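No hydrogens, no waters, no symmetry mates; every other heavy atom, side chains included, goes into these values. Treat the numbers as computed from the prediction; the structure is a model and nothing was measured. Proteins come first, then strands; the chains are lettered A, B, ... in the order of their sequence lines, and each starts at number 1.
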Amino acid sequence: MEQSLHVYNSMTGKKELFEPLTAGFIGMYVCGPTVYSDVHLGNCRTFVNFDTLYRYLLHLGYKVRYVRNITDVGHLVGDVDTGAEDKMAKKARLEQLEPMEVAQKYTVGFHDMMRLFNTKSPSIEPRATGHILEQIEMVQDIIDNGYGYVKNGSVYFNTRKLVEEGKGYGDLSGRKIEDLLSETRSDLKNQSEKEHPSDFAIWIKADENHLMRWNSPWSVGFPGWHLECSAMSTKYLGKHFDIHGGGNDLKFPHHENEIAQNIGACSCAPAKYWLHTNMLLMNGKKMSKSDGNSITPTELITGDSHHISKGFHPMVIRFFMIQSHYRSTLDLTDEALLAAEKGFKRLMDANRALNGLQSTTESGALDADIRDTIQAAFAEMNDDFNTPKALARLFEIVPKINSLKEGKIKMDQVGAAALADLKACFHAFIFDIFGLEDQAESGSSTGAKALGGVMDLVIDIRKQARADKDWATSDKIRDSLKEAGVQIKDSKEGAEWELI
RNA sequence: GGUCGGGUGGCCGAGUGGCUAGGCAGUGGUCUGCAAAACCUCGUACGGCGGUUCGAAUCCGCUCCCGACCUCCA
């Protein structure tokens with residue numbers, strides 16, 4: 001049973017024992033969104049995955065500084081030397097807005113969505129435009145250290161120098177400089193300013209029409225896309241920190257170039273552990289707006305899409321994401337979501353049933369089994385955050401909880417201490433670690449209270465009808481309530497109800 | 001074309017050299033006035049072809065298929 005945390009490090013391709021650089025403290029940097037359009041559902045998966053990871057680290061008692069940036073400049077569409085345009089600027093031009101208006105609009109939208117998915121806010125959420133000075137300083141350091149060269153007001157990173165010095169450009173993404181050299185794609189040609197095809201821009205001279213630009217020692221321009229992460233992670237987490245995360249598709253070139261910049265600026269690779277989440281697919285393929293194989297988070301929630309039969313609550317979506325491992329692709333299908341919805345409900349019902357249990361004994365026959373399963377669940381999390389397996393362990397206990405509730409297993413089978421542990425474990429996993437919320441308990445408004453009062457009355461009336469064997473009345477109440485969206489569930493202990 | 005990852009029962013999704021993943025759906029049963037829920041039970045899956053092994057879905061080779069990256073992408 002693994003008791004210490006192991007994580008899969010993309011840099012080494014192996015699971016490694018997780019040891020923070022400073023005992024008790026963790027610095028974690030995750031690449032955030034570029035706020036030039038509504039947040040993509042795939043982004044949501046990545047951020048939900050890292051949120052779960054963050055939550056687990058907190059649960060383990062670490063003091064975590066979680067930094068996730070907002071990219072609001074420097075992210076290019078197309079190629080730098082062939083009429084590239086900043087994503088932010090392009091959107092601003094199309095929508096006739098100030099670039100900062102675009103950034104603000106989509107940042108707010110992003111935060112709203114993150115809130116719906118119940119992700120915790122990062123400790124720091126720095127913006128690229130708020131750190132232009134730091135980026136300029138970093139470019140200067142890179143130049144001073146001989147890793148950057150200036151061409152016509154733009155500054156490029158010299159990747160060959162890194163390779164020649166054996167400092168591992170390409171290690172993270174498994175690329176060889178020769179492969180990069182022999183690149184034949186036509187898109188990459190015509191880069192006259194670069195001395196080598198694998199070099200990349202760290203400062204870009206802006207043309208006169210460019211909306212976002214700043215003064216620098218080299219030109220009026222803007223920073224390269226990869227630079228912000230290097231500058232901001234260094235500023236808030238130091239030159240070397242514990243975890244750097246992001247989507248799989250950022251490995252190259254983004255993370256690779258980020259590492260190069262850090263080495264170039266301060267001779268130090270930024271992170272000890274690199275964690276990458278895998279892609280979210282839909283119907284077996286990567287989501288793509290161009291072939292219509294795409295769904296937005298909002299559509300998924302409202303059900304306004306031909307890909308799905310109905311809308312799904314954000315918590316169902318989060319549960320769905322937790323059912324797969326962060327390093328695996330996850331295939332989004334209507335059927336899978338429907339299954340997740342039922343599974344989520346079953347887990348939440350069980351948790352509520354668990355909280356209603358009262359032990360009648362000091363110790364019981366099931367104690368050891370319960371404790372083993374709890375321990376196993378945590379062991380799964382320690383094995384590279386294996387949420388699907390941990391969840392499976394929880395589900396293994398669900399039949400026992402339901403049996404206890406219904407009296408099929410006597411309460412003297414579970415001791416008070418074991419039951420308390422079980423309640424604590426379920427609470428920790430469901431709410432603290434998995435970050436789920438119980439919809440049935442979230443309605444604490446006066447309306448919900450009134451409904452509760454009404455239901456107590458209705459159930460009481462139906463109880464009397466059943467006692468009188470007045471099945472017509474009893475069934476009418478049940479059927480009508482179901483039509484109104486309330487499900488009655490009978491049991492030996494009496495009837496319960498829930499909103500469907 | 002290059003690099004990497006993957007193909008698991010009806011669907012999703014873990015995992016692994018011999019020991020039940022789990023969820024959903026399905027089977028049969030218990031309970032119930034009838035249902036629903038719940039509980040019990042069952043299914044005996046690992047792309048194809050070879051090889052290694054006492055034994056492979058798990059290791060090796062070949063092959064087919066899929067995905068990601070190589071250009072912006074979580």
Side-chain angles (χ1 to χ4, degrees), chain A residues 10 13 30-34 36 39-50 75-79 84-85 87 170 173-176 178-180 182-188 198 225 245-254 256 276-281 284-288 319-320 323-325 327-347 349-350 353 376 380 383 386-396 398-403 405-409 466 469-471 474-475 478-479 482 487-492 495-496 498 500:
Chain A
S10 304
V30 173
C31 290
T34 302
Y36 67 100
V39 62
H40 182 92
L41 191 60
N43 281 257
C44 294
R45 145 114 127 148
T46 293
F47 300 136
V48 165
N49 282 157
F50 278 109
H75 206 154
L76 298 168
V77 178
D79 184 72
E85 191 170 15
K87 280 193 175 183
S173 56
R175 275 176 179 72
K176 304 262 182 297
E178 305 89 69
D179 297 338
L180 295 168
S182 61
E183 182 59 69
T184 56
R185 282 174 163 266
S186 55
D187 288 359
L188 289 182
S198 68
W225 170 37
N248 207 198
D249 48 356
L250 290 181
K251 267 190 197 168
F252 189 89
H254 186 242
E256 201 69 76
H276 288 96
T277 57
N278 215 133
M279 298 296 100
L280 178 67
L281 310 177
K285 299 204 165 158
K286 186 181 178 181
M287 286 196 195
S288 160
F319 177 88
F320 171 70
Q323 273 189 305
S324 78
H325 187 81
R327 281 193 290 118
S328 300
T329 53
L330 172 60
D331 195 5
L332 186 94
T333 63
D334 189 51
E335 224 179 340
L337 286 164
L338 256 12
E341 187 171 53
K342 294 198 176 176
F344 173 67
K345 184 176 171 302
R346 179 169 158 83
L347 182 67
D349 286 350
E380 303 293 7
D383 182 15
N386 200 325
T387 55
K389 282 194 83 172
L391 188 60
R393 297 287 90 80
L394 259 44
F395 270 110
E396 283 170 12
V398 168
K400 290 194 179 70
I401 292 172
N402 287 327
S403 293
K405 181 195 171 197
E406 297 191 357
K408 284 172 182 154
I409 297 177
R466 295 183 75 209
K469 297 198 189 301
D470 178 4
W471 308 128
S474 161
D475 289 355
R478 185 176 67 198
D479 297 343
K482 190 167 186 180
Q487 175 73 56
I488 293 284
K489 295 196 288 191
D490 292 321
S491 73
K492 288 207 171 90
E496 292 177 9
E498 67 185 14
I500 308 170

Participant: May I ask you to say what A/L250 touches in the nucleic acid, namely base, sugar-phosphate or nothing, with a heavy-atom cut-off under 4.0 Å?
Facilitator: sugar-phosphate
Participant: Output, in order, the C-alpha distance, side-chain angles, deciding distance and verdict of side-chain contact (heavy atoms from CB on, under 4.5 Å) for A/E396 and A/R393.
Facilitator: CA-CA 5 Å; A/E396 283 170 12; A/R393 297 287 90 80; 2.9 Å; yes
Participant: Considering only atom P, compute the distance from B/G15 to B/A21 and round it to an integer number of Å.
Facilitator: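 About 13 Å, rounded to a whole number of Å.
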Participant: Treating primed atoms plus P, OP1 and OP2 as sugar-phosphate and everything else as base, which nucleotides of nucleotides 32-37 of chain B get B, S or - for protein heavy atoms under 4.0 Å?
Facilitator: -BBBBS
Participant: Please give me the minimum heavy-atom distance between A/C31 and A/F47, naming the atom from each residue.
Facilitator: O-CE2, 3.3 Å
Participant: Strictly below 4.0 Å, N to O, side chains only: are A/K489 and A/D349 in salt-bridge contact?
Facilitator: yes
Participant: Tell me: CG of A/L347 to P of B/G23, nearest whole Å?
Facilitator: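 Rounding to the nearest Å, CG of A/L347 and P of B/G23 are 11 Å apart.
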Participant: Want to settle it: does A/S403 or A/T277 sit nearer the 5' end of RNA chain B, counting the closest nucleotide to each?
Facilitator: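 Nearer the 5' end of the strand: A/S403.
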Participant: Report the residue from A/L330, A/N49, A/L280 that forms a side chain to side chain contact (heavy atoms under 4.5 Å, CB included) with A/S324.
Facilitator: A/L330
Participant: With rounding to whole Å, what would you report as the distance between B/C66 and B/U71 at their P atoms?
Facilitator: 23 Å
Participant: How many Å lie between CZ on A/F395 and C1' on B/C39, as a whole number?
Facilitator: 16 Å
Participant: So if I apply the side-chain hydrogen bond (donor to acceptor under 3.5 Å, both in side chains) rule between A/T46 and each of A/N248, A/D249, A/T277, which one comes out positive?
Facilitator: A/T277
Participant: Where the side chain of A/T34 is defined as all heavy atoms beyond and including C-beta, which of B/A74, B/G67, B/C70 is the nearest nucleotide?
Facilitator: B/A74
Participant: Roughly how far apart, to the nearest Å, are B/G2 and B/U63 at atom P?
Facilitator: 12 Å
Participant: Quick check: closest heavy atoms across A/G245 and A/F50, and the distance to 0.1 Å?
Facilitator: CA-CZ, 3.4 Å
Participant: Using whole Å, what does the distance between atom P of nucleotide B/C72 and atom CG of A/N248 come to?
Facilitator: 16 Å
Participant: Measure CG/A/D249 against C1'/B/C69 and give the value in whole Å, please.
Facilitator: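 Taking CG of A/D249 and C1' of B/C69, I get 8 Å after rounding.
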Participant: Which pairs with one or both residues in residues 330-341 of chain A pass side-chain hydrogen bond (donor to acceptor under 3.5 Å, both in side chains), sequence neighbours excluded?
Facilitator: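 Pairs touching residues 330-341 of chain A that pass the test: A/S309-A/D334, A/K310-A/E341.
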Participant: Partners of A/K251 by side chain to side chain donor-acceptor pair (under 3.5 Å), sequence neighbours excluded?
Facilitator: none
Participant: Round to the nearest Å and state the distance from A/L41 atom CG to B/A74 atom C1'.
Facilitator: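 It works out to 11 Å between those atoms.
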Participant: Say you pick atom C1' in B/C40 and the same atom in B/U27; how far apart are they, in whole Å?
Facilitator: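 These two C1' atoms come out 13 Å apart once rounded.
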Participant: B/C4 P sits how many Å from A/H276 NE2, rounded?
Facilitator: 16 Å
Participant: Working to the nearest 0.5 angstrom, can you tell me the gap between A/F319 CZ and A/K342 NZ?
Facilitator: 13.5 Å
Participant: Going from CG on A/L332 to CZ on A/R45, what distance comes out if it is rounded to the nearest 0.5 angstrom?
Facilitator: 10.5 Å
Participant: I want to confirm an ordering. Mapping A/K251 and A/G32 to their closest nucleotides on RNA chain B, which one lands closer to the 5' end?
Facilitator: A/K251
Participant: Do NZ/NE/NH1/NH2 and the carboxylate oxygens of A/D383 and A/K389 come within less than 4.0 Å?
Facilitator: no
Participant: Assign A/E496 to base, sugar-phosphate, or nothing according to its heavy-atom contacts below 4.0 angstrom with the strands shown.
Facilitator: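 If one applies the 4.0 Å heavy-atom cut-off, A/E496 turns out to touch nothing in the nucleic acid.
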Participant: B/G23 P sits how many Å from A/F319 CZ, rounded?
Facilitator: 9 Å
Participant: Quick check for you: to the nearest 0.5 Å, what is the distance between A/S173 atom OG and A/H276 atom NE2?
Facilitator: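 One gets 9.5 Å once the value is rounded to the nearest 0.5 Å.
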Participant: In whole Å, what separates the P atom of B/U41 from that of B/G7?
Facilitator: 30 Å
Participant: Would you give the length of the straight line joining atom CZ of A/F395 to atom CD1 of A/I401, rounded to the nearest 0.5 angstrom?
Facilitator: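 So the CZ of A/F395 and the CD1 of A/I401 are separated by 10.5 Å.
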Participant: Would you check if A/K482 and A/I488 make a side-chain contact, meaning some heavy-atom pair closer than 4.5 Å?
Facilitator: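 No, side chains not in contact.
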Participant: It should be established whether A/N402 places a side-chain nitrogen or oxygen under 4.0 Å from OP1 or OP2 of nucleotide B/C39.
Facilitator: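 Affirmative; the distance criterion is met.
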Participant: Give each protein N/O atom lying under 3.5 Å from an N/O atom of nucleotides 25-28 of chain B, with the pair distance.
Facilitator:
| residue | atom | partner | partner atom | Å |
| --- | --- | --- | --- | --- |
| B/A25 | OP1 | A/K342 | NZ | 2.9 |

Participant: Convert the base pairs of RNA chain B into dot-bracket notation, remembering that pairs crossing earlier ones are written with [ ] and that bases paired across to another strand are shown as |; include only Watson-Crick or G-U pairs under 3.5 Å.
Facilitator: (((((((..(((.....[...))).(.(((.......))).)....(((((..]....))))))))))))....
Participant: For the C1' atoms, the ones on B/A74 and on B/A68, what distance do you get once it is rounded to whole angstrom?
Facilitator: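 These two C1' atoms come out 12 Å apart once rounded.
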Participant: Give the intermediate values and the outcome of side-chain contact (heavy atoms from CB on, under 4.5 Å) for residues A/L394 and A/E380.
Facilitator: CA-CA 11 Å; A/L394 259 44; A/E380 303 293 7; over 6 Å; no
Participant: Under 4.0 Å between any heavy atoms, over every strand shown, what does A/G246 touch: base, sugar-phosphate, or nothing? Just pick one.
Facilitator: sugar-phosphate
Participant: Say we look at B/A14 and B/G6: how far apart would their P atoms be, to the nearest angstrom?
Facilitator: 12 Å
Participant: Compare every heavy atom of A/N278 with every heavy atom of A/R327, then report the nearest pair and how far apart it is.
Facilitator: O-OD1, 2.9 Å
Participant: Distance between the C1' atoms of B/G22 and B/U8, in whole angstroms?
Facilitator: 14 Å
Participant: For nucleotides 5-15 of chain B, list the nitrogen or oxygen atoms of the protein found under 3.5 Å from its nitrogen or oxygen atoms, one pair per line.
Facilitator:
| residue | atom | partner | partner atom | Å |
| --- | --- | --- | --- | --- |
| B/C11 | O2' | A/E335 | OE1 | 3.4 |
| B/G13 | OP1 | A/D331 | N | 2.7 |
| B/G13 | O2' | A/Q323 | O | 3.3 |
| B/A14 | OP1 | A/H325 | N | 2.8 |
| B/A14 | OP1 | A/S328 | OG | 2.9 |

